[in-house]
Structure formats: C-alpha cells, structure tokens
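Note that the coordinates shown come from a computational prediction; the quantities given were computed from them, not determined experimentally.
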Amino acid sequence: MLLLISPDSVEEALDCAKAAEHLDIVDVKKPDEGSLGANYPWVIRAIREAVPAAKPVSATLGDVPFKPGTVAQAALGAVVSGATYIKVGLYGCTTPEQGVEVMRGVVRAVKEYRPEALVVASGYADAHRIGCVNPLALPDIAARSGADAAMLDTAIKDGSRLFDHVPPDTCAEFVRLAHAAGLLAALAGSVKEADLGTLTGIGTDIVGVRGAVCEGGDRDAGRIQPGLVAAFRAEMDRQAREHAARVPAAN
Ligand SMILES: O=C[C@H](O)COP(=O)(O)O
C-alpha cells in the first residue's frame with residue numbers, strides 16, 4: 001500500500017520532504033477550499049521543486065462542479081505545473097454519466113500533455129450528505145473514462161471517517177470493483193492508524209492521509225509532523241508484515 005500525504009503549503013511540503021523516506025506521494029491541496037480543494041499552480045510548482053524528484057507530486061483539481069470544460073482546463077494547469085497524479089473530486093456530478101463526461105475531459109487533457117501521468121477519479125464516502133454519485137459507482141466511472149484510479153475521500157471534514165459512511169465490507173467491494181477494472185483503489189477520509197489493518201486486508205493500493213499526521217490530529221490548525229508520518233508508516237509496514245504472514249499465498 002502506498003502512502004499519500006496532503007500538505008497545504010510549501011512549508012508543509014518541506015516537512016513532508018523531511019519524512020520523504022516514509023511516504024510515497026505528496027498530494028498538493030488547499031483544504032480551506034474544500035476536502036479536495038485545488039491549490040495555485042505556483043504552489044504545485046514550488047512543492048514539486050521542494051520534494052525529492054523520486055517522489056511523485058499529486059494535485060487535486062477541487063471539489064468540482066459538473067463543468068467538463070472548466071475541469072479539463074484545470075487538469076492541464078495541474079499537469080503543466082508538475083503534478084503526475086491528477087485527482088478530481090466529482091462533487092457536482094449527480095449521475096455516473098456526468099462523472100464519465102467530466103473524467104473523459106480530464107483524461108484527454110492530462111494524457112495529451114503527459115501520457116504517463118495518472119488520473120484519479122474521486123468520489124465521496126459521505127455522498128449521501130452532499131447528493132453526488134454513489135461511492136460504488138466510482139470504479140466504473142474511472143474505467144469508462146480511461147482514468148487510472150478510483151478513490152474515495154470524505155467531503156465534509158467534521159470528524160466522521162471513511163468507515164462511518166462506507167463500512168469495511170463496502171470498501172472491500174469498492175477495491176474489488178476497481179481491481180476487476182484494472183484500476184488502482186485509493187481510500188481516504190480521516191483515516192487513522194487503527195484503520196490500517198482493515199485497509200491492508202482489503203487490498204487498498206493507496207491510503208490518503210492528512211489529519212492523522214498533523215499536530216494534535218488537527219487537519220486545519222495543526223501542521224504535518226515528520227515524526228507522525230514516520231510513525232504512521234511504521235504501522236503500515238507492521239500491518240503489511242502481519243498480512244503477509246497470514247496470507248502467504250497472496251504475496
Ligand atoms: O487525500 C487525502 C486527504 O487529504 C485526507 O485527509 P484527512 O486524513 O484529513 O481526511
């Protein structure tokens with residue numbers, strides 16, 4: 001399982017760089033503009049320069065409306081700025097067809113510029129609270145649009161967590177559907193160390209985290225702490241070892 005950490009500024013990205021050996025993807029966002037809030041192109045560029053070249057930089061395009069042209073143009077902005085994972089929060093899409101239309105535009109904009117970049121279609125575990133597409137529709141939306149990964153995060157960061165809205169069995173089904181379609185499966189939403197055993201067990205490819213590695217567990221007021229990133233990674237590695245010992249045939 002890969003660890004994606006979401007700094008909100010160049011300063012926090014430098015803290016991530018100090019813990020670079022413990023993380024896999026640096027995910028640029030602007031949490032004060034929403035759960036998948038988009039940051040400025042110059043911040044993406046500066047963060048790309050601040051973290052080791054071997055670590056991919058991801059950028060979120062925002063909790064986007066159903067405006068496929070607008071979102072495709074934003075996607076090009078993110079990839080030109082140096083991101084090689086492009087994450088789209090399908091906030092304003094109420095049907096799978098709308099999601100596919102938005103994602104097709106993003107995939108074309110990104111892949112025409114940088115074919116090896118990965119496109120991530122993200123839905124929301126608490127979709128029922130905001131009226132957007134069902135979490136289990138995401139793997140199909142991602143596959144039909146040519147994206148590389150399907151993801152879930154929480155839209156409303158009020159302390160409720162991924163498993164409060166999408167229980168582990170349903171997350172397992174999400175991962176199964178993504179893998180059956182040849183996609184990576186990414187999960188996030190106030191994930192804590194205690195969730196890592198379950199996330200490992202169901203075969204999650206990428207876990208996205210912010211609050212759990214911020215001072216005081218506070219994703220808004222707290223800053224990312226390199227020591228917390230290292231501790232989170234140590235627990236991930238411990239869970240991976242335990243899982244491998246339990247299910248040797250799968251490894
Ligand atoms: O993509 C990952 C998210 O930023 C997760 O943030 P969170 O752990 O604070 O919910």
Side-chain angles (χ1 to χ4, degrees), residues 2-64 70-91 103 106-107 109-111 113-114 116-122 124 147-149 151-155 157 184 186-191 206-215 218-226 228-229 232-233:
L2 299 177
L3 176 57
L4 173 148
I5 301 281
S6 304
D8 65 1
S9 62
V10 178
E11 294 69 33
E12 271 200 343
L14 289 169
D15 290 331
C16 288
K18 288 181 199 150
E21 66 190 289
H22 305 295
L23 58 84
D24 301 292
I25 304 164
V26 176
D27 176 50
V28 186
K29 59 172 58 153
K30 195 166 180 295
D32 61 356
E33 291 195 17
S35 128
L36 275 82
N39 215 317
Y40 298 108
W42 48 89
V43 173
I44 299 172
R45 207 159 45 234
I47 289 179
R48 176 60 286 174
E49 284 162 14
V51 303
K55 299 292 168 185
V57 166
S58 152
T60 53
L61 302 188
D63 298 308
V64 308
T70 304
V71 181
Q73 198 176 114
L76 182 60
V79 72
V80 164
S81 303
T84 50
Y85 281 67
I86 307 298
K87 283 168 59 188
V88 189
L90 296 172
Y91 193 97
M103 290 310 305
V106 170
V107 168
V110 168
K111 306 271 182 182
Y113 182 81
R114 182 163 286 150
E116 72 278 15
L118 298 178
V119 177
V120 183
S122 184
Y124 300 90
D148 303 282
M151 179 162 190
L152 293 179
D153 199 338
T154 43
K157 300 288 183 183
L184 297 171
L187 292 168
S190 301
V191 166
I206 302 172
V207 59
V209 176
R210 175 171 172 79
V213 296
C214 284
E215 217 169 357
D218 186 337
R219 74 187 316 276
D220 300 315
R223 184 161 154 169
I224 290 176
Q225 301 295 304
L228 293 177
V229 175
F232 198 88
R233 183 48 174 246

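Using a 4.5 Å heavy-atom threshold, the side chains of Val110 and Val106 count as touching. Considering only heavy atoms from C-beta on, Leu61 comes within 4.5 Å of Ile86 through its side chain. You'll find the side chain of Val80 stays beyond 4.5 Å of the side chain of Pro41, heavy atoms only. Contact check for Lys111 versus Val119: side-chain heavy atoms found under the 4.5 Å cut-off. Annotation: side chain of Val229 is not in contact with side chain of Lys18 (no heavy-atom distance under 4.5 Å). Taking 4.5 Å as the limit, some side-chain heavy atom of Leu36 sits within range of a side-chain heavy atom of Tyr124.
Between Arg233 and Asp24, at least one side-chain nitrogen of the basic residue sits less than 4.0 Å from a carboxylate oxygen of the acidic one, meeting the salt-bridge criterion.
Interatomic distance, Cys16 SG to Ile25 CD1, rounded to the nearest 0.5 Å: 12.0 Å. Between the CG atom in Leu23 and the OG atom in Ser6 there is a gap of 10.5 Å [rounded to 0.5 Å]. Distance check: Leu118 CG to Ser58 OG gives 9.5 Å after rounding to the nearest 0.5 Å. Expressed to the nearest 0.5 Å, how far CG of Asn39 lies from OG1 of Thr60 amounts to 7.5 Å. In this structure, CE in Met151 is found 6.0 Å from CG in Leu4, a value given to the nearest 0.5 Å. Here the CD-CD1 distance, from Glu11 to Ile47, works out to 8.5 Å after rounding to the nearest 0.5 Å.
None of Lys30, Arg210, Arg219, Arg223 except one satisfies the salt bridge (charged side-chain N to carboxylate O under 4.0 Å, His left out) rule with Asp8; the exception is Arg210. Tested against Ile206 for a side-chain contact (heavy atoms from CB on, under 4.5 Å), the candidates Leu3, Leu2, Asp27, Val120 yield a single pass: Leu2.
For the pair Val209 and Ala212, the tightest heavy-atom approach, listed with the atom from each and the gap, is CG1-CB, 3.7 Å. Residues Ser122 and Asp153 approach most closely at OG-N, 4.2 Å, considering heavy atoms. When all heavy atoms of Ala188 and Gly208 are compared, the closest pair comes out as CB-O, 3.3 Å. In plain terms, the two heavy atoms of Ala13 and Val51 that are nearest each other are O-CG1, 3.9 Å. Here the closest heavy-atom approach between residue Ala59 and residue Ile44 is recorded as CB-CD1, 3.7 Å. Across every non-hydrogen atom of Gly37 and Asp63, the tightest pair is N-OD2, 4.3 Å.
Residue Gln73 places its CD atom among 12 or fewer non-hydrogen atoms of other residues, nucleotides or ligands, all under 6.0 Å distant.
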> What do the steps show when you test Leu90 against Met103 for side chain to side chain contact (heavy atoms under 4.5 Å, CB included), and what is the final call?
Replying inline: CA-CA 9 Å; Leu90 296 172; Met103 290 310 305; 3.9 Å; yes
